[in-house]
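Shown next, in structure tokens, is the structure this report addresses.
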Amino acid sequence: MAGRLPFGDLTVSDRKTWFQTTAIDYPNSRPHIGTAFEKLGADVQARYRRMEGFDVCFLMGNDENTTKVSKRAVELSQETQAYADDMARQFREVWDALEITYDVFIQTSSERHKQCCRKFIQKVFDNGFIYKGSYAGWYCEGCEEFKSDKQHEENNGLCPNHRTPLVRRSEPCYFFKLSAFSDRLLAHYEANPDFIQPEIRKNEIVSLIKTEGLRDINISRAGEEWGIRIPFDPEFTIYVWFDALLTYITGIGYGDDEATFKKNWPCDTHFIGKDITRFHTALWPAMLWAAGEEAPKRVFAHGFVYFEGGKISKSRADELKKKGLEYLFEPMEIVRRFSAEAFRYYFLRECPFPADGDFSPDRFIEVYNSELPNNLGNLLSRCVTVAAKNFQGVLEGTGGRNPIDELAALGFGDLPSLVGDIRATVERCQYNLTLQRIIQEVCTPANRFLDQTAPWKLVKTGNADDLALAKQVIYRAVQVLRVASILLKPFIPKSAETIYRSFNFPTPWAEVKYADAAELQAQPDDLRVTAELVDGKVKPLFPRIG
RNA sequence: CGCGGCGUGGAGCAGCCCGGUUAGCUCGCCAGGCUCAUAACCUGGAGGUCAUAGGUUCAAAUCCUAUCGCCGCAACCA
């Protein structure tokens with residue numbers, strides 16, 4: 001799935017579609033924990049929607065048409081394009097390692113993107129939403145934007161971000177009539193309460209527009225070599241934000257593959273960081289309307305990951321380097337030392353996606369060990385071992401039994417409502433709550449159940465009834481594993497698959513849905529252990545760490 | 001009065017939007033059990049006036065107001 005060509009195998013079908021994107025990244029440094037967090041949260045949603053039968057298109061990419069990128073290339077004595085291509089390769093390597101199942105990866109320096117981009121801006125121009133003017137102001141080369149006079153004054157002539165002197169710059173330029181869309185935007189927020197998620201971000205934007213209003217925005221830059229030329233005035237390049245947002249449509253065929261574009265647009269969810277909400281919820285819909293297109297359906301602004309309570313500053317980084325912990329900033333390194341599944345689990349379980357989260361090595365080990373090896377992994381091991389050692393892995397007489405009855409007896413009578421709740425949390429991207437419930441309300445009770453019924457004792461009494469009872473006990477516990485593996489599929493896909501494939505469940509893994517976790521069907525055959533065994537045991541699914 | 005977030009047993013958190021069982025979870029601590037399982041698992045226990053002060057209510061960790069404290073936006077992050 002990952003890495004396939006943008007348009008090669010997308011076909012029009014009758015299936016309901018789901019199109020989602022993540023923010024495209026500046027490739028002036030390697031991806032870090034925070035960018036990985038965003039991709040993970042988006043990936044869970046994509047995997048969940050695929051399970052639910054949607055025809056999913058998941059778009060990601062790199063935002064390369066910025067002077068930061070060309071500057072960095074110069075520092076490294078590389079051609080800008082070669083540098084951008086190599087960074088794209090490195091980003092994809094990380095995303096692949098984290099099992100991010102993107103369908104389209106867009107580089108904004110690609111010819112296809114540039115062409116589509118020019119078509120779009122020409123359309124906006126033709127529709128009368130771009131006009132020529134001139135702009136004079138205090139410019140920061142680091143931010144690639146003009147700062148307001150107020151900011152210039154407050155910071156003694158320095159950029160508040162970079163602490164470098166602001167330069168007075170005056171230039172002819174092209175403006176986009178953003179101000180013309182204030183009322184329409186406010187009306188849109190009102191009419192579509194879920195457009196901006198979570199609600200807190202919506203309130204911020206609404207209040208921002210009501211108090212400060214929206215001003216026309218300069219969308220051109222003069223004197224740049226690297227970037228996309230404005231079609232109606234090649235002296236200028238397109239401002240990076242105006243260009244970058246367009247990946248969301250150029251990546252699905254805007255301008256040259258109408259069928260694919262129509263199939264996927266409007267976007268179901270843009271996943272972004274909370275700091276760029278304004279661009280996605282005000283500028284972006286306005287741009288689309290100006291070109292005669294629809295606004296996206298939903299923008300989801302996730303929180304940030306902090307490091308042991310604080311932000312990841314330069315000094316914090318140095319501090320960690322001294323302790324030999326610098327690998328913690330490198331997603332690839334964390335994956336190499338532990339596993340992609342451990343990485344995914346920690347961030348999804350511990351950091352609330354809609355709000356800020358925290359990362360600490362100690363907590364990482366604690367969360368992982370207590371919930372994966374000790375709880376879920378252990379449940380698998382003990383079920384398999386008891387079945388294998390005492391029944392040669394085949395639980396005769398369990399075929400045809402309805403697991404629902406069995407599970408009701410186990411205390412899972414309200415499985416449908418639990419699964420319903422869990423689906424709701426997944427759809428709201430409250431992944432930490434989802435995982436909390438799966439562990440606490442599915443896995444933990446199963447471990448308890450085994451202790452209470454102690455099948456390993458029943459098999460030793462020499463009594464035929466006890467032997468039969470032991471089989472039923474294991475059967476029930478294994479059904480819980482089935483439920484857990486299905487619910488965990490979007491989160492830790494490989495481990496969930498290993499659990500599921502450890503037994504002969506009838507539905508193929510590729511076809512399981514969340515509904516299957518709530519409405520089980522009787523197995524046609526006796527339950528059998530299909531996991532690979534060494535000395536009658538399974539290899540630990542999650543090795544303990546620390 | 002710039003905007004926003006947070007304050008829950010020793011540590012870290014969930015619950016708060018849609019008030020209502022003995023305030024839940026992980027780690028740590030104490031005692032016991034089990035020995036199928038990855039030195040894993042299970043049971044019981046100690047430990048909390050849910051930041052503070054008011055208010056609404058039959059009922060507030062949960063809603064409202066105020067106060068205090070910490071943090072983010074805001075030193076090359078999203």
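Below, chain A is the first sequence line, B the second, and so on; all start at residue 1.
Listed by residue number, the members of residues 339-352 of chain A with any heavy atom below 4.0 angstrom from RNA chain B form an empty set.
Within the nucleic acid shown, A:Ile200 comes within 4.0 Å of sugar-phosphate atoms alone, with no base atom in reach, counting heavy atoms only. Contacts of A:Lys457 with the nucleic acid, taken as non-hydrogen atoms under 4.0 Å apart, involve only primed sugar atoms and P, OP1 or OP2. Note on A:Phe37: nothing from the nucleic acid sits closer than 4.0 angstrom, heavy atoms only. Contacts of A:Leu380 with the nucleic acid, taken as non-hydrogen atoms under 4.0 Å apart, are absent. Nucleic acid contact for A:Asn374: sugar-phosphate only, since backbone atoms but no base atoms lie under 4.0 Å from a heavy atom of the residue. Residue-level contact check: A:Glu38 touches neither bases nor backbone, having no heavy atom under 4.0 Å from any strand. No contact: A:Lys39 has no heavy atom under 4.0 Å from any strand. The residue A:Glu371 sits apart from the nucleic acid: no heavy atom pair falls under 4.0 Å.
Side chain of A:Ser370, nearest nucleotide from B:C36, B:C42, B:U26: B:U26. Set against B:C34, B:C25, B:U38, the side chain of A:Trp456 has B:C34 as its closest nucleotide. Residue A:Leu433 has its side chain nearest to B:A14 when only B:G12, B:A14, B:C36 are considered. Distances from the side chain of A:Asn378 to the nucleotides B:A37, B:U38, B:C42 place B:A37 closest. For A:Arg544, the listed nucleotide lying nearest its side chain is B:A40; candidates were B:A40, B:G24, B:A37. Comparing B:G4, B:C36, B:U38 against the side chain of A:Ser381 picks out B:U38 as the nearest. Of the candidates B:U43, B:A37, B:C34, the closest approach to any side-chain atom of A:Arg448 belongs to B:U43.
A straight line from CD of A:Gln197 to C1' of B:C17 spans 12 Å, rounded to a whole angstrom. The interatomic distance linking A:Gln436 (CD) with B:C27 (C1') rounds to 15 Å, in whole Å. Distance CG (A:Asn369) to P (B:A39): 11 Å, rounded to an integer number of Å. Rounded to whole Å, atom P of B:C36 lies 18 Å from atom CG of A:Leu469. The interatomic distance linking A:Arg437 (CZ) with B:G24 (C1') rounds to 12 Å, in whole Å. When the C1' atom of B:C25 is taken as reference, atom CD1 of A:Ile438 falls 15 Å away, rounded to whole Å. One atom, CG of A:Leu372, and another, C1' of B:U26, lie 13 Å apart when rounded to the nearest Å. Atom NZ of A:Lys274 is separated from atom P of B:G4 by 13 Å (rounded to the nearest Å).
Closest-nucleotide positions on RNA chain B for A:Arg382 and A:Glu204 were compared, and the one nearer the 5' end corresponds to A:Glu204. In terms of position along RNA chain B, the nucleotide closest to A:Asn375 lies nearer the 5' end than the nucleotide closest to the other residue of the pair A:Asn375 and A:His302.
Because its NZ or CZ atom is both nearer than 6.0 Å to the ring centre of A:Phe304 and within 45° of the ring axis, A:Lys274 counts as a cation-pi partner of that residue.
Between A:Lys460 and the phosphate of B:C36, there is a side-chain N or O to OP1/OP2 separation shorter than 4.0 Å. Between A:Lys537 and the phosphate of B:A37, there is a side-chain N or O to OP1/OP2 separation shorter than 4.0 Å.
B:U21 makes up no base pair with any nucleotide shown, lacking Watson-Crick or G-U wobble contacts both under 3.5 Å. A 3.5 Å limit on both hydrogen-bonding distances identifies B:A66 as the Watson-Crick or G-U partner of B:U52. In this structure, B:A40 makes no Watson-Crick or G-U wobble pair, since no nucleotide meets both defining distances under 3.5 angstrom. Shown here, B:G72 forms a base pair with B:C3; the pair counts as Watson-Crick or G-U wobble because both key distances fall under 3.5 Å. Base pairing of B:U26: its partner is B:A11, meeting the Watson-Crick or G-U wobble criterion (both donor-acceptor distances under 3.5 Å).
Separating the P atom of B:C13 from that of B:G72 is a span of 15 Å, rounded to the nearest Å. On the C1' atoms, B:A14 is 15 Å away from B:C27, given to the nearest whole Å. With both ends at atom C1', the span from B:A61 to B:G7 equals 12 Å, rounded to whole Å. B:A11 and B:C77: their P atoms are spaced 32 Å apart (whole Å). A gap of 31 Å separates the P atoms of B:C71 and B:U26, to the nearest Å. Between the P atoms of B:A23 and B:G44, the separation comes to 16 Å (whole Å). Of the C1' atoms belonging to B:C3 and B:A74, the separation is 12 Å, rounded to the nearest Å. Across B:C41 and B:C34, the matching C1' atoms stand 8 Å from one another, rounded to whole Å.
Ring orientation note: the planes of A:Phe37 and A:His302 are nearly perpendicular, at an angle over 60° on the 30°/60° scale.
Residues A:Leu450 and A:Trp456 approach most closely at O-CH2, 3.3 Å, considering heavy atoms. Nearest approach of A:Gly251 to A:Val104, heavy atoms of both residues: O-CG1, 3.7 Å. The two residues A:Cys429 and A:Phe353 have their closest heavy-atom pair at O-CB, 3.3 Å.
Taking CD1 from A:Ile545 and CD1 from A:Ile365, the interatomic distance works out to 5.0 Å, rounded to the nearest 0.5 Å.
The number of heavy atoms from other shown groups lying within 6.0 Å of CD (A:Glu190) does not exceed 12. Under a cut-off of 6.0 angstrom, the local environment of CD in A:Glu199 is sparse, with at most 12 non-hydrogen atoms contributed by other residues, nucleotides or ligands.
Here the options are A:Phe343, A:Tyr346, A:Phe347, the test is ring-ring contact (aromatic ring centres under 6.0 Å, His included), and the partner is A:Phe364; only A:Tyr346 passes.
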**Request:** Give the C-alpha distance, both sets of side-chain angles, the deciding distance and a yes or no for ring-ring contact (aromatic ring centres under 6.0 Å, His included) between A:Phe105 and A:Phe91.
**Result:** CA-CA 10 Å; A:Phe105 191 92; A:Phe91 270 68; 7.5 Å; no
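When ring centroids are compared, A:Phe359 and A:Phe307 come within the 6.0 Å threshold.
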